[in-house]
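As the structure is a prediction and not an experimental result, all values here were calculated from the model. The basis for the numbers below is simple: all heavy atoms, side chains too, and nothing from hydrogens, waters or symmetry mates. First the proteins, then the strands, lettered A, B, ... as listed; each starts at 1.
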There are 2 protein chains.
Amino acid sequence: MVSIHRRIFEDIEARIMSGAWPPGHRIPFEHELVQEYQCSRMTVNKALSALAERGMIIRRRKVGSFVAARQIDRTVMDIQDISTEAELAGHDHSYRILMRKIETLDAVTATQLGEPTGAEILRLHCLHAVDGKPNALERRIIMLAMVPSARTEGFASVPPGKWLLDMVPWSKARHVIRAVSADAATARLLETERGDACLTLIRQTWQNSRTVTYVEIIHPGDRFQFAGDFHPTERGVRDQLPRRSAS
Amino acid sequence: MVSIHRRIFEDIEARIMSGAWPPGHRIPFEHELVQEYQCSRMTVNKALSALAERGMIIRRRKVGSFVAARQIDRTVMDIQDISTEAELAGHDHSYRILMRKIETLDAVTATQLGEPTGAEILRLHCLHAVDGKPNALERRIIMLAMVPSARTEGFASVPPGKWLLDMVPWSKARHVIRAVSADAATARLLETERGDACLTLIRQTWQNSRTVTYVEIIHPGDRFQFAGDFHPTERGVRDQLPRRSAS
DNA sequence: GACCCGCTTTTGTCTATACAAATAGATACA
DNA sequence: TGTATCTATTTGTATAGACAAAAGCGGGTC
């Protein structure tokens, strides 16, 4: 037994997804749907508001509701913690700390991070392995002002990524994915050849516009990829005017 | 002037984002918020339902509402059409068709795509340049059964990616990002060195579980990257039980 | 024509009320 | 002890009615 607003939502969603109602098509007015489904306007309103919130339709007073334009240009990527990912896939994960050093931010890195030069940081290098084979090299900077407890944490039993996630509240994250060639040191650690293509994920995490941590995770290109699905139901909200076509 | 349900939503969101209400923390009951905001329960319910829909909180009857566990593992990536992307950034975009051939699916590719061997396809190779410099090599397969009008389209003025987007309804897309080393032919076309790291985007688009198009877009690694932001407000919905801690 | 005013339509918000569904916890019972 | 049942609490859904806000449209005036 599904609720009425859910049924209205799904009926309309199905018509949009199938292409029966193309972008720009006018959705029936609330009072029309009230007639069709024999329910109150609040119920219809709830269904249409939910569709609008998901970006499937655009609503405008006095004008009506319209199927939103398609967007293929946004996709939701699963970018997980390495240990979590390995566990989910049923693989064995291990890691070891290669370097752990407290220092101050040099000018170049400071600019790159948008933080003041001289700020105290913890620099961590860490090698991850999945099923015994090197899978990722993690190079991390933790802002000690934001995470004072990192000063005494040895990360012996919990990897730094996971530890930080549980420890520190954050409000924004930015990811960048790059392809780079392995330099000699990286190749040696990842047990691959110098010059081989590597997939690098860079993640910077903020809390209230102050950096919490910055990390580069370098994966061997022959053992790693990122994947993401896009369903039109997840389309992002974007300002767009309804087309005046097909009604 | 913001609406009441919006204000409740934002107040709670702010407390979650700041870390004042950590994961597992119990949100006040609806009747408590009714008291606090001096409004009806429907209004409170709307705010809390919206928070639940966004995955910020978990609600359970007779138990209450709780701050959901943090998820950093999903990010929204902008993966745009090459020409659109260049235009947005104020650059000049051009392309030329390297190959355009109608053939039938061989067994290997058919399996890879999950389509029947022997299906008629249009195979397209296309080189994109931004500000005169090669920026991407596009290798595309279009299923002619799904897009019959592609048979006669020359793609002289509209690049295939854009043309398809406007032409064909689709219901699902899958993206994969990989790092690969350039082979000799690719390197020559992209004006880079053989063996250089390249960032490859693979996109397969379906309509009702039938493939519409499959494309590999190979970017030179020194001229390209993907970026995506994650805001906790956009966190995905996932089944999780409330923790019994902090109340 | 350009501009302003008021009418009408459509969506947005809110209330007070009602009952249903889920379920934790208490109670009765074998 | 374990199990079935009852009860109280909380969220989920729905209703009818009301007014507000946005905006297209037409009419009137200059």
Side-chain angles (χ1 to χ4, degrees), chain A residues 1-13 16 21 24-68 237-245 247, chain B residues 1-13 16 21 24-68 237 239-247:
Chain A
M1 183 51 198
V2 274
S3 50
I4 302 177
H5 74 258
R6 193 70 212 157
R7 228 182 80 222
I8 301 175
F9 182 101
E10 283 167 7
D11 283 1
I12 295 175
E13 183 190 39
I16 294 174
W21 287 358
H25 180 95
R26 219 203 69 223
I27 309 284
F29 294 128
E30 293 191 352
H31 64 84
E32 294 176 304
L33 291 170
V34 162
Q35 281 299 312
E36 184 179 340
Y37 287 91
Q38 290 293 309
C39 64
S40 78
R41 189 169 80 88
M42 275 300 290
T43 305
V44 169
N45 185 278
K46 186 163 186 174
L48 294 188
S49 300
L51 284 162
E53 183 130 349
R54 292 222 188 170
M56 307 263 305
I57 68 174
I58 304 293
R59 313 192 74 200
R60 283 175 54 195
R61 283 166 168 156
K62 166 76 185 176
V63 183
S65 305
F66 300 84
V67 177
V237 187
R238 177 173 296 192
D239 237 42
Q240 25 185 348
L241 293 179
R243 299 185 198 165
R244 291 317 177 83
S245 60
S247 107
Chain B
M1 183 49 199
V2 272
S3 51
I4 302 176
H5 74 257
R6 191 76 210 150
R7 228 182 80 222
I8 301 175
F9 181 102
E10 282 167 7
D11 283 1
I12 295 175
E13 183 190 39
I16 295 174
W21 287 357
H25 181 97
R26 219 203 68 222
I27 309 284
F29 294 127
E30 294 191 349
H31 70 257
E32 293 176 303
L33 291 169
V34 163
Q35 282 299 312
E36 185 179 340
Y37 287 93
Q38 290 292 308
C39 64
S40 79
R41 189 169 79 88
M42 276 301 291
T43 306
V44 170
N45 186 279
K46 182 162 188 174
L48 294 189
S49 300
L51 284 162
E53 182 131 352
R54 292 220 185 173
M56 309 262 305
I57 68 174
I58 303 293
R59 314 194 74 201
R60 284 178 54 197
R61 284 167 170 160
K62 164 77 184 179
V63 183
S65 305
F66 300 84
V67 177
V237 186
D239 234 43
Q240 26 186 347
L241 294 177
R243 299 184 197 168
R244 292 317 179 80
S245 60
S247 109

Trainee: Under the side chain to side chain donor-acceptor pair (under 3.5 Å) rule, collect the residues that match up with A/Ser40, sequence neighbours excluded.
Mentor: A/Thr43
Trainee: Residues two or more places apart in sequence or in another chain: which of them pass salt bridge (Lys or Arg N to Asp or Glu O under 4.0 Å) with A/Glu36?
Mentor: none
Trainee: Expressed as a whole number of angstroms, how long is the span from A/Tyr37:OH to D/dA14:C1'?
Mentor: 16 Å
Trainee: Please identify each residue that fulfils ring pair (Phe, Tyr, Trp, His ring centres under 6.0 Å) with B/Tyr37, with sequence neighbours left out.
Mentor: none
Trainee: Mind calculating the distance between CZ (B/Phe66) and C1' (C/dT23) to the nearest angstrom?
Mentor: 13 Å
Trainee: To the nearest angstrom, how far is B/Leu33 atom CG from D/dT10 atom C1'?
Mentor: 13 Å
Trainee: Could you tell me which residues satisfy salt bridge (Lys or Arg N to Asp or Glu O under 4.0 Å) with B/Arg61, sequence neighbours excluded, listed by chain and number?
Mentor: none
Trainee: Holding to salt bridge (Lys or Arg N to Asp or Glu O under 4.0 Å), I want the full list of residues that pass it with B/Glu32, two or more places apart in sequence or in another chain.
Mentor: B/Arg26
Trainee: Summarise how protein sits on nucleotides 11-21 of chain C as a single string, 5' to 3': B when a protein heavy atom is under 4.0 Å from the base, S for sugar-phosphate-only contact, - for no contact.
Mentor: BBBBBBBB--B
